2 protein chains.
Amino acid sequence: MLYQALVKIHLKPGHSDPEGEMTARALKELLYPVKSVRVNKNYIILLESKSKSMAEARVEDMCKRLLANPTKDEYAIQVEKAR
Amino acid sequence: MLYQALVKIHLKPGHSDPEGEMTARALKELLYPVKSVRVNKNYIILLESKSKSMAEARVEDMCKRLLANPTKDEYAIQVEKAR
């Protein structure tokens with residue numbers, strides 16, 4: 001069965017976000033009244049799995065091994081059957 | 001008034017996603033049964049504005065000038081009052 005996983009990666013509170021800070025600076029230079037910018041990344045992963053719970057466990061494992069940085073990132077996973 | 005804008009950037013259909021392809025390849029090398037990976041980026045922007053509609057217009061403008069690549073990106077904007 002084919003499943004689609006949405007993985008939302010965001011920084012843990014208190015960690016600096018260099019890309020967000022650069023973006024905020026660039027927007028301020030263009031005179032936009034910006035206070036702050038944060039940048040999050042989402043992965044949309046299509047994967048084969050026998051069940052939804054196995055797909056969730058697999059994607060959790062992918063996050064720990066490759067997608068998220070355990071020092072600074074938090075992640076949230078949503079899995080559904082692929083359409 | 002302070003508003004928070006969520007800007008979701010994703011590739012137009014048919015455009016290649018090198019980061020997603022690299023991620024898919026890395027996951028396959030780790031023997032995950034992955035079919036494909038796409039990567040989207042979200043900006044969360046705090047900005048000053050007199051009204052929600054002005055904030056929306058400002059953020060639309062930011063997308064056109066800086067955040068999105070008009071050739072290959074599509075974007076969606078959600079604005080709400082900052083908590």
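Within every chain, numbering begins at 1; the chains are lettered A, B, ... in the order of the sequence lines, protein sequences first and strands thereafter. Keep in mind that what you see is a predicted model, and the values were worked out from it rather than measured.
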| remark: Highest number of heavy-atom pairs under 4.5 Å with chain B among A/V7, A/L67, A/L66 belongs to A/L66
| remark: The interface call for B/I45 against chain A, heavy-atom contacts under 4.5 Å, is both
| Using non-hydrogen atoms only, which part of B/Y32 is less than 4.5 Å away from chain A: side chain, backbone, both, or neither? | side chain
| task | Using a cut-off of under 4.5 Å on heavy-atom pairs, state which of B/N40, B/L47, B/V59 scores highest against chain A. | result | B/N40
| note | Of the listed B/L2, B/D61, B/I9, the one with the largest count of heavy-atom pairs under 4.5 Å with chain A is B/D61
| query | For the hydrophobic clusters of this structure (ILVMFWY residues joined by side-chain heavy atoms under 4.5 Å, transitively), does one cluster hold both B/V79 and B/Y75? | reply | yes
| In Å, rounded to the nearest 0.5 Å, how long is the span from CD1 of A/I44 to NE2 of B/H10? | 9.0 Å
| field | A/L46 side, atom CG; B/R38 side, atom CZ - distance, nearest 0.5 Å | value | 7.5 Å
| A/L30 portion near chain B, given a 4.5 angstrom heavy-atom threshold | both
| message | For A/K12, is the NZ atom crowded, meaning more than 12 foreign heavy atoms sit under 6.0 Å from it? | response | yes
| field | Side-chain touch B/M62/A/V34, heavy atoms, less than 4.5 angstrom | value | yes
